[in-house]
Amino acid sequence: MKRVNSLLSVIYEQLTHASSNKQSATLLKLFLTSFQVYLDIFDTWLTEGQLQDSREEFVIARSKDKLQKPDEEFIIQPYESELLNGGVKPLPVLQVIVNKALHAGRSIELLRRLDRLSELGKRSDEQGHLYEELITLIEHDLSKFASDTENESLVKTNDDDIITHCDMENGDNFMSEVKDHLLRVGDPFLVKGFESYLNLNQGNQTSQQCNEDMGNNLKRKKQICIKLMQHFKNKILPVKPVLEINLLKLVEEKWKAVCCMVKPIFQNEFNLPLHFQMIRGVFLMECDDIMQQFYSSLFTQVQACEANSFSLTIHLESCLDQRYPDFSSRFSVVVNKKIQYATTVQDAINSIKLRYAVEWPITLILNERNMEYYNAVFQFLLKIKWALFSLQKLRFSAFYICVFQSDLDQRENKSVPLRKKEKERMQRLQYLRFWLLHSVNSVHSYLMGQVLHLLHLELERNLEEAQELDAVIKAHDSYVQTVYAHCLQSEGCEIIKQSTLQMVWTALRLCEAWATGAIFVSDARLQELEELYAKHHVFLAVTLSNCVENDTRSHCKSTGFPNMCSHNVVSTGCNKSPLCILCYFKMNDVIDNPADCEVRSVIRFLNAQHLKPAEIYRQLKEVYGDTVMNERNVRKWCEMFNNGRTNVHDETRPGRPSLITEDLKTKVNNRILQDRRTSLDELHIAFRDISRSLLGEIVSQHLGYHKICARWVPRQLSDQHKTQRMASALTFLMRYHTDGDAFLDQIVTGDETWVSHNTQRPSANHTLSTQKVVATVFWDRKGVLLLDFMPKGTTINANRYCETLRKLRRAIQNKRRGMLSRGVVLLHDNARPHTAASTRELLDQFGWEIFDHPPYSPDLAPSDFHLFTKLKDFLGGTRFGSDEELKKTVNTWLNELAAEEYNTGILKLVNRYDKCLNVGGDYVEK
């Protein structure tokens with residue numbers, strides 16, 4: 001294997017650096033002939049499901065470890081490290097085959113175990129042999145770069161005829177010898193293995209016909225190779241990009257043909273979407289109406305110490321039978337023996353797990369690790385629901401019943417009003433229940449509503465986009481891990497999780513005190529509960545705030561998790577809101593560290609009621625403690641308020657003098673005028689004595705400069721994206737080289753864009769307008785073909801886009817006579833409505849050609865880099881009063897725009913695609 005890879009790598013390296021056309025032709029033929037072995041192995045594997053590599057030459061092999069997982073049965077040989085150790089650069093084009101083959105191999109093994117290889121064979125019959133298709137495509141593409149006279153003079157030499165004849169004669173002799181040997185040996189297994197190749201069970205005429213077909217096939221390959229070599233007569237051709245692009249295209253087709261068979265089998269035959277629905281409904285309790293019956297019974301059995309696997313499983317199945325009778329028997333409840341040693345309900349819940357029985361191959365997706373994640377989230381949600389369940393069962397009438405029963409003998413079965421102290425305790429317990437219920441319910445609503453619902457929508461979107469099994473597994477694993485992290489089960493969220501559980505534990509402590517009754521709860525115990533809630537509440541709020549400020553848990557910030565605790569306090573006007581609960585419960589306690597403006601506001605209020613400064617100071621000291629403002633300052637502020645002052649904040653002070661001078665601004669301005677593309681970092685190097693922030697203030701605020709040509713890109717392109725962009729560029733340029741301006745005349749391009757009512761720059765008193773409409777514009781090099789505005793309240797989907805395409809076809813028929821018969825090349829991006837099955841079917845009915853636009857490439861879309869940019873510049877600084885006025889302005893501008901501008905936008909494609917090819921598929925700025 002090492003020698004084969006070394007040979008291919010060396011030949012390919014010499015091929016890319018060939019200095020003459022004869023050398024290129026010789027090396028290309030040698031490389032294709034040597035590389036055919038790998039292509040045959042790969043082709044046989046993906047069409048027949050057999051990895052035939054008896055000489056161990058291929059870079060992928062079966063794992064010899066019998067304990068290996070089924071999805072890891074194939075391994076990649078360490079050929080790269082071996083080549084590097086030998087001083088040979090690995091073959092880059094081989095990576096294209098290795099990655100795709102490894103993924104496809106797993107799918108093939110799955111199809112083999114499912115006995116579906118026959119369906120794979122039917123699909124593979126529609127495709128040709130990989131090696132033949134590759135050399136055919138290479139010859140076809142290279143012929144476009146050769147001159148017309150060379151294409152007409154492809155005449156074979158006598159040597160080629162001799163070689164072909166010799167090859168045919170040797171091939172026939174070899175086949176005859178093999179056939180005679182098999183018939184002479186008489187081994188039935190060998191005869192069975194070779195009968196499809198040699199037709200041993202058929203007559204001599206059939207055998208002769210088979211040999212003739214094989215000879216014609218060999219002759220056809222030779223003819224293609226001869227044509228290919230003839231193209232190198234007078235020039236050096238771009239062999240490397242043509243070889244890599246065509247190989248990628250063919251391997252991609254083979255890979256899709258195999259991998260795309262697996263997902264429909266999982267969806268249609270193994271009901272994968274229903275399995276996901278059941279997991280979410282039970283483990284994540286999204287079927288709350290059904291699961292409420294189950295966990296209510298579970299809590300009752302846990303409190304009575306009667307929880308066991310059998311009874312809980314029976315009850316869960318009976319609950320699920322109401323809606324999912326076919327799946328209820330798959331679920332079971334496992335109760336660990338450690339539950340008998342549990343001292344609290346939370347400890348008991350840790351001993352309860354769910355089990356979901358599925359068969360292979362669903363176990364490839366719902367594996368043991370994912371089920372452990374689901375159970376961890378299930379137990380955490382169960383604890384939250386247990387706290388809510390307990391708090392919601394509390395009733396105010398319990399207080400009166402306890403009082404009535406305690407004084408039954410003394411009050412002769414008559415209900416009497418509660419004492420003042422008992423009323424105080426009952427009120428404090430009610431307040432504490434209310435805030436705990438609100439806090440726990442906020443956590444519950446966040447987890448069930450924002451986290452699980454939004455992640456469920458994201459999972460469905462990712463599963464819809466997945467084309468093969470590995471992508472489905474990856475999407476589900478990502479979903480499970482994200483749910484696990486967002487539900488505070490990961491190690492990084494341990495502090496937040498424990499704080500939340502402490503809040504739940506406080507709620508359960510309150511339920512115990514509630515059951516005792518108001519008259520039996522001591523003040524010390526009640527005060528302890530109040531302090532516990534305040535302490536855990538403050539700790540949770542501060543921890544979440546720190547996470548958001550430090551961006552250590554981005555999902556907390558994005559979903560508003562910190563806000564669930566920020567409002568769970570009594571509004572008393574104090575800035576330290578989490579501590580106000582104690583101030584509300586314990587009216588005699590002082591307010592610590594009040595804000596200066598708050599104290600001054602109290603002074604102004606009491607002074608307006610004509611209280612003397614001494615009385616105001618006494619009341620302030622009683623509420624805020626001894627650390628409040630002294631009596632002398634109270635008198636001073638009372639005097640200022642009597643003299644007409646209304647502001648309770650400190651007045652602005654002049655501060656230190658500014659370092660920004662006119663001379664400095666002039667120097668910075670001159671430096672910018674020398675190079676408009678200069679950056680703040682370069683200015684900071686030129687003016688080392690001035691800080692970077694001060695230079696930014698001078699440039700943006702004093703000189704009024706702002707960025708207008710910064711190069712923003714939609715995303716970081718991967719190697720695959722760059723390869724796709726290069727392939728599109730090569731296709732476009734080859735088409736333009738062949739057809740010239742006639743190809744540009746066929747192009748119709750279009751896209752959607754937002755157009756706002758107010759496009760003025762926002763100021764201190766104005767913000768950007770939220771009123772806007774969506775405009776869809778289609779145009780060619782002669783002008784606008786169609787302008788369509790989407791009605792408000794609707795979204796762009798496949799049906800809507802198909803309706804727009806029908807309008808476009810009628811517009812072309814009316815405005816461009818003869819264009820439909822000459823052919824239309826539609827250039828639009830790969831947004832989901834543009835690539836939907838219904839859209840492609842409609843375009844096939846129209847007979848339009850769809851140009852392959854690479855993903856994440858607005859720099860190659862004429863509407864984005866040309867037309868819409870000019871439209872936004874024209875509308876800049878304008879305010880429109882209505883949608884109709886805005887639509888009329890856009891329509892007028894598009895129709896009055898010179899035809900030369902549209903022609904320029906299409907012509908720019910040639911230059912941009914050429915630059916894209918030259919920079920290796922990277923983004924093109926201009």
Side-chain angles (χ1 to χ4, degrees), residues 71 266 270-295 298 307 309 312-313 315-317 319-320 323-324 327-336 339 346 348-386 443-444 446-460 462-463 466 472-494 496-497 500-501 555 559:
D71 58 339
F266 272 79
F270 293 97
N271 298 321
L272 181 61
L274 286 178
H275 285 294
F276 284 152
Q277 182 179 351
M278 295 304 303
I279 289 291
R280 296 195 312 271
V282 177
F283 282 85
L284 305 183
M285 299 193 220
E286 292 186 8
C287 298
D288 192 61
D289 53 340
I290 295 178
M291 292 304 296
Q292 185 178 8
Q293 304 176 27
F294 169 69
Y295 63 70
L298 185 147
S309 300
L312 290 176
T313 300
H315 187 68
L316 178 59
E317 290 183 2
C319 293
L320 295 177
R323 187 175 302 174
Y324 307 105
F327 288 84
S328 60
S329 59
R330 294 179 179 270
F331 287 93
S332 60
V333 183
V334 179
V335 179
N336 196 300
I339 194 173
Q346 295 190 56
I349 290 176
N350 290 334
S351 302
I352 298 175
K353 289 185 178 181
L354 296 180
R355 182 177 295 168
Y356 185 64
V358 290
E359 66 279 357
W360 185 89
I362 297 297
T363 52
L364 298 176
I365 302 175
L366 300 179
N367 50 47
E368 294 181 1
R369 185 188 62 176
N370 289 336
M371 301 311 296
E372 287 295 327
Y373 284 160
Y374 278 126
N375 265 306
V377 176
F378 168 74
Q379 292 173 349
F380 183 71
L381 294 177
L382 207 58
K383 294 173 184 177
I384 302 294
K385 290 184 177 291
W386 164 239
V443 179
H444 178 266
Y446 157 74
L447 295 175
M448 301 301 299
Q450 299 187 40
V451 171
L452 298 180
H453 178 68
L454 294 179
L455 293 179
H456 159 54
L457 298 178
E458 183 180 353
L459 172 64
E460 289 189 340
N462 293 336
L463 290 177
V472 173
I473 295 176
K474 183 178 179 181
H476 178 255
D477 289 347
S478 176
Y479 165 75
V480 174
Q481 293 171 8
T482 307
V483 168
Y484 187 79
H486 281 55
C487 290
L488 312 179
Q489 301 305 302
S490 60
E491 294 181 0
C493 297
E494 186 64 24
I496 305 176
K497 173 187 174 182
T500 306
L501 293 179
H555 62 267
T559 52

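- Here the closest non-hydrogen pair linking F294 and H315 is CA-CD2, 3.7 Å.
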Show the numbers, then the answer: is there a side-chain contact (heavy atoms from CB on, under 4.5 Å) between V483 and Q489? CA-CA 9 Å; V483 168; Q489 301 305 302; over 6 Å; no
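- Under a 3.5 Å cut-off, the side chain of R330 and the backbone N or O of Y356 do not form any donor-acceptor pair.
- Evaluation of the side-chain hydrogen bond (donor to acceptor under 3.5 Å, both in side chains) rule for Y374 yields H476 as partners, not counting sequence neighbours.
- For residues 272-283, the salt bridge (charged side-chain N to carboxylate O under 4.0 Å, His left out) pairs, not counting sequence neighbours, are R280-E286.
- Applying the side chain to side chain contact (heavy atoms under 4.5 Å, CB included) criterion to A307, with sequence neighbours excluded, gives Q301, V302, L312, I339.
- Shown here are the ring-ring contact (aromatic ring centres under 6.0 Å, His included) partners of F378, two or more places apart in sequence or in another chain: there are none.
- Partners of K383 by salt bridge (charged side-chain N to carboxylate O under 4.0 Å, His left out), not counting sequence neighbours: none found.
- With sequence neighbours excluded, the residues that form a side chain to side chain contact (heavy atoms under 4.5 Å, CB included) with I362 are F266, F270, L272, H275, V358, L366.
- In terms of the side-chain hydrogen bond (donor to acceptor under 3.5 Å, both in side chains) criterion, R355 has no residue partners (sequence neighbours excluded).
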Give the C-alpha distance, both sets of side-chain angles, the deciding distance and a yes or no for side-chain contact (heavy atoms from CB on, under 4.5 Å) between F327 and Q277. CA-CA 11 Å; F327 288 84; Q277 182 179 351; over 6 Å; no
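- For the atom pair SG (C319) and CD (Q292), the distance works out to 10.5 Å, reported to the nearest 0.5 Å.
- In terms of modelled atom types and a separation under 3.5 Å, the side chain of E458 and the main chain of Y479 share no donor-acceptor contact.
- Note on residues 472-488: pairs passing salt bridge (charged side-chain N to carboxylate O under 4.0 Å, His left out), not counting sequence neighbours, are R369-D477.
- Remark: the backbone N or O of V333 is paired with a side-chain donor or acceptor of T313 at under 3.5 angstrom.
- Qualifying side-chain hydrogen bond (donor to acceptor under 3.5 Å, both in side chains) partners for H444, counting only residues two or more places apart in sequence or in other chains: K385.
- In this structure, E368 has no salt bridge (charged side-chain N to carboxylate O under 4.0 Å, His left out) partners at least two apart in sequence or on a different chain.
- Under the salt bridge (charged side-chain N to carboxylate O under 4.0 Å, His left out) criterion, E372 pairs with K353, sequence neighbours left out.
- Smallest separation of non-hydrogen atoms from N462 and A475: CB-CB, 3.9 Å.
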Trace of the side-chain contact (heavy atoms from CB on, under 4.5 Å) decision for I279 with L284: CA-CA 7 Å; I279 289 291; L284 305 183; 5.6 Å; no
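- Partners of Y373 by ring-ring contact (aromatic ring centres under 6.0 Å, His included), not counting sequence neighbours, listed by chain and number: Y484.
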